[in-house]
Amino acid sequence: MKPELTVEELKERLDRGEPVLVLDVRSAGEFARWRIEGARGPAILNVPYTRILGAAEEDDLAKAAADYAAEHLHDRLPRDRPVVAVCAKGGASAFVAEGLRSLGYEASNLRGGMAAWGDHYEIRVVLSEGDLVVHQVARPARGCLSYVVASRGEAVVLDPLRHDDRYARFVEQRGLRLVRVLDTHAHADHISGARALARRLGVPYGFHPYDGIHPMDGLPATFDYEPLWDGWRVELGASVLEARHVPGHTLGNLAFLLDRRILFSGDSIFLRSIARPDLGGKAEAWTALHYRSLRRLMELPAETLVLPGHFSGPDEAGAGGVFAAPLGEVRTSNEGLKMAAGSQEAFTSYILSSLPSFPPEYLDIKRVNAGLLEATEDLAAELELGKNLCALAG
């Protein structure tokens, strides 16, 4: 095993199901907030580097790591599989990996640490049929999904994540002409790349006007955008994309129906859960809207392909690592949708008793997305730290 692994190399090993132990040397609090995940593991051990390197001389950190491991970790570190050391940015873990190698362990450092893991993107083809190609753009560490839809050389990007340059490069490399950038809603869990991407390529940026106002501050967005109302339609090559207003997660929440058979559900229906309705501070009022919206979406044909805005775990992916499923299948396995099929009273009780904690940084993320707050790269990374919490906790 190499002394250092890239995020891409580690992710490929995890996707293949190769046995790996991740030695996460961040603090217990950081580890509890988010960690490296794979569809089939990996085995993971958290030992804070402050404990491993705490008594070390400044110029002999690798030896300190080796001494600590020999005394305290010899019965917890495997000799029959690689060990990958991980910290926040790849600094302290490099000394830990070096110390383990001196003891004969097959140990590598994760280059860039959890910061690099958090910024890793993967692009997969959902379907390619004639003129139409749908790509799913995933940010695995955060459980966020976005989409590039292309037909006859034209493209629309849905819910682009913060690193807008990746989408610009993608459409350029494939010779596509971007005609619009769309957000299903005013995101709270991540900084949208939509406005920056639209500005970079000189195309319209659209979302529902109800999400043009910060729900807590009551202040309007500071930039111009294309208002997308219920029933808004746009032709894309040989395809048609139509907006459905499905308030609940936000007041302006949208889903997009492509050719009446592919549903970009955004933050309404996920594969295993549904979106939470409390991030605007109006949980009870928006739960009633959420109920009606979900029932409206469930009226679509069972064969409608659901492409969600988030996933809870990598094991939700199907063939080829794509997060997608027919609506009929989702209706029968998704607890939130099963509750929405019943009475509004039971649904409301279920929602209000299942809400996870409210992440305070989500208020500032919404401010950034409305143009009410400017975010440096450091602030953006800090606000986005950890997995998204947009789904309802069962």
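It should be emphasised that the depicted structure is a prediction, and the values quoted were computed from it without experimental measurement. One is the number of the first residue; the rest follow in order along the sequence.
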Undergrad: Could you work out, with salt bridge (Lys or Arg N to Asp or Glu O under 4.0 Å) as the rule, every residue matching E172, not counting sequence neighbours?
TA: none

Undergrad: Would you confirm whether N253, through its side chain, and P247, through its main-chain N or O, come within 3.5 Å as a donor-acceptor pair?
TA: no

Undergrad: CZ of R260: more than 12 outside heavy atoms within 6.0 angstrom?
TA: no

Undergrad: I'd like to know whether CD of E382 has more than 12 heavy-atom contacts from other residues, nucleotides or ligands below 6.0 angstrom.
TA: no

Undergrad: Is the side chain of Q173 donor-acceptor paired with the backbone N or O of F170 at a distance under 3.5 Å, no angle test?
TA: no

Undergrad: Please collect all side-chain hydrogen bond (donor to acceptor under 3.5 Å, both in side chains) contacts where either partner lies in residues 86-101, sequence neighbours excluded, each pair once.
TA: S93-N109

Undergrad: Using a strict threshold of under 4.0 Å (side-chain N to carboxylate O), is an ion pair present between R124 and E122?
TA: yes

Undergrad: Identify each donor-acceptor pair in which a side-chain atom of residues 132-141 lies under 3.5 Å from a protein atom, sequence neighbours left out, and give them as a table.
TA:
| residue | atom | partner | partner atom | Å |
| --- | --- | --- | --- | --- |
| Q136 | OE1 | F323 | N | 2.9 |
| Q136 | NE2 | Y147 | OH | 3.0 |
| Q136 | NE2 | F323 | O | 2.8 |
| R139 | NE | G118 | O | 2.7 |
| R139 | NH1 | E384 | OE1 | 3.0 |
| R139 | NH2 | G118 | O | 3.2 |
| R139 | NH2 | D119 | OD1 | 3.0 |
| R139 | NH2 | E384 | OE1 | 3.2 |

Undergrad: With the threshold set at 4.0 Å, does a side-chain nitrogen-carboxylate oxygen contact exist between K387 and E37?
TA: yes

Undergrad: Does any pair with a residue in residues 279-309 pass ring-ring contact (aromatic ring centres under 6.0 Å, His included), and if so which ones, sequence neighbours excluded?
TA: Y291-F347

Undergrad: Do L327 and L297 come within less than 4.5 Å of each other through their side chains, counting heavy atoms only?
TA: no

Undergrad: Flag the pair K366 and D189 as a salt bridge only when some basic side-chain nitrogen lies within less than 4.0 angstrom of an acidic carboxylate oxygen.
TA: no

Undergrad: Check for me, please, whether L178 and L158 land in the same ILVMFWY cluster - side-chain distances under 4.5 Å, paths through other members count.
TA: no

Undergrad: Please determine whether a side-chain nitrogen of the Lys or Arg among D165 and R169 lies less than 4.0 Å from a carboxylate oxygen of the Asp or Glu.
TA: yes

Undergrad: Heavy-atom distance under 4.5 Å between the side chains of Y225 and R195, does that happen here?
TA: no

Undergrad: Answer yes when E4 and K2 have at least one side-chain N-carboxylate O distance shorter than 4.0 Å, and no when they do not.
TA: no

Undergrad: Mind checking whether W232 and I262 sit in one hydrophobic cluster, side chains of I, L, V, M, F, W, Y counted as touching below 4.5 Å?
TA: yes

Undergrad: Taking atom types as modelled, is there a side-chain donor on Y205 or D183 under 3.5 Å from an acceptor on the other?
TA: yes

Undergrad: Side chains of D159 and T184: do they bring a donor and an acceptor to under 3.5 Å?
TA: yes

Undergrad: With rounding to the nearest 0.5 Å, note down the distance linking CD in E12 to CG in L14.
TA: 10.0 Å

Undergrad: Less than 4.0 angstrom from a charged side-chain N to a carboxylate O is my criterion; do R244 and D230 meet it?
TA: no

Undergrad: To the nearest 0.5 angstrom, please state how far the NE2 atom of H214 sits from the CG atom of L372.
TA: 6.5 Å

Undergrad: What closest approach, in Å, do A66 and G99 show between heavy atoms, and which atom pair accounts for it?
TA: CB-O, 3.5 Å

Undergrad: Is there a donor-acceptor contact under 3.5 Å from the side chain of S108 to the main chain of L5?
TA: no

Undergrad: Is the backbone N or O of H187 less than 3.5 Å from a side-chain atom of N369, with the two atoms forming a donor-acceptor pair by type?
TA: yes

Undergrad: Quick one: side chains of residues 70-81, donor-acceptor pairs under 3.5 Å with protein atoms, not counting sequence neighbours, listed by atom name and distance.
TA:
| residue | atom | partner | partner atom | Å |
| --- | --- | --- | --- | --- |
| H74 | ND1 | A70 | O | 3.3 |
| R79 | NH1 | L103 | O | 2.9 |
| R79 | NH2 | L103 | O | 3.4 |

Undergrad: For the residue pair Y49 and S27, confirm or rule out a side-chain donor-acceptor distance under 3.5 Å.
TA: no

Undergrad: Can a salt bridge be assigned to the pair E154 and R180 using a cut-off of 4.0 Å between side-chain N and carboxylate O?
TA: no

Undergrad: Considering residues at least two apart in sequence or located in another chain, which fulfil the ring-ring contact (aromatic ring centres under 6.0 Å, His included) criterion with Y362?
TA: none

Undergrad: With rounding to the nearest 0.5 angstrom, report the SG to CG distance, C144 to D267.
TA: 8.5 Å

Undergrad: Kindly state whether the ring of H245 and the ring of W229 have centres lying under 6.0 angstrom apart.
TA: no

Undergrad: Centres of the H185 and F207 rings: under 6.0 Å?
TA: no

Undergrad: Within the structure provided, determine whether L201 and V181 are in side-chain contact (heavy-atom separation under 4.5 Å).
TA: no

Undergrad: Heavy-atom count around Q344 CD within 6.0 Å, excluding the residue itself: above 12?
TA: yes

Undergrad: For D315 and A39, indicate whether the former's side chain and the latter's backbone hold a donor-acceptor pair under 3.5 Å.
TA: no

Undergrad: Ion pair present between R367 and D217, side-chain N to carboxylate O less than 4.0 angstrom?
TA: yes

Undergrad: When you look at OH of Y210, are more than 12 heavy atoms from neighbouring residues, nucleotides or ligands closer to it than 6.0 Å?
TA: no

Undergrad: Any donor and acceptor pair, going by atom type alone, linking the side chain of D259 with main-chain N or O of R261 inside 3.5 Å?
TA: no

Undergrad: Between V86 and V25, is any pair of side-chain heavy atoms under 4.5 Å apart?
TA: no

Undergrad: Examine distances only and state if a side-chain atom of N334 and a backbone atom of I269 form a donor-acceptor pair shorter than 3.5 Å.
TA: no

Undergrad: About how many Å separate OG of S192 and CZ of R162, when rounded to the nearest 0.5 Å?
TA: 11.5 Å

Undergrad: Answer yes when R331 and E303 have at least one side-chain N-carboxylate O distance shorter than 4.0 Å, and no when they do not.
TA: no

Undergrad: Using modelled atom types only, decide if a donor and an acceptor are shared between the side chain of R233 and the backbone of V240 within a distance under 3.5 Å.
TA: no

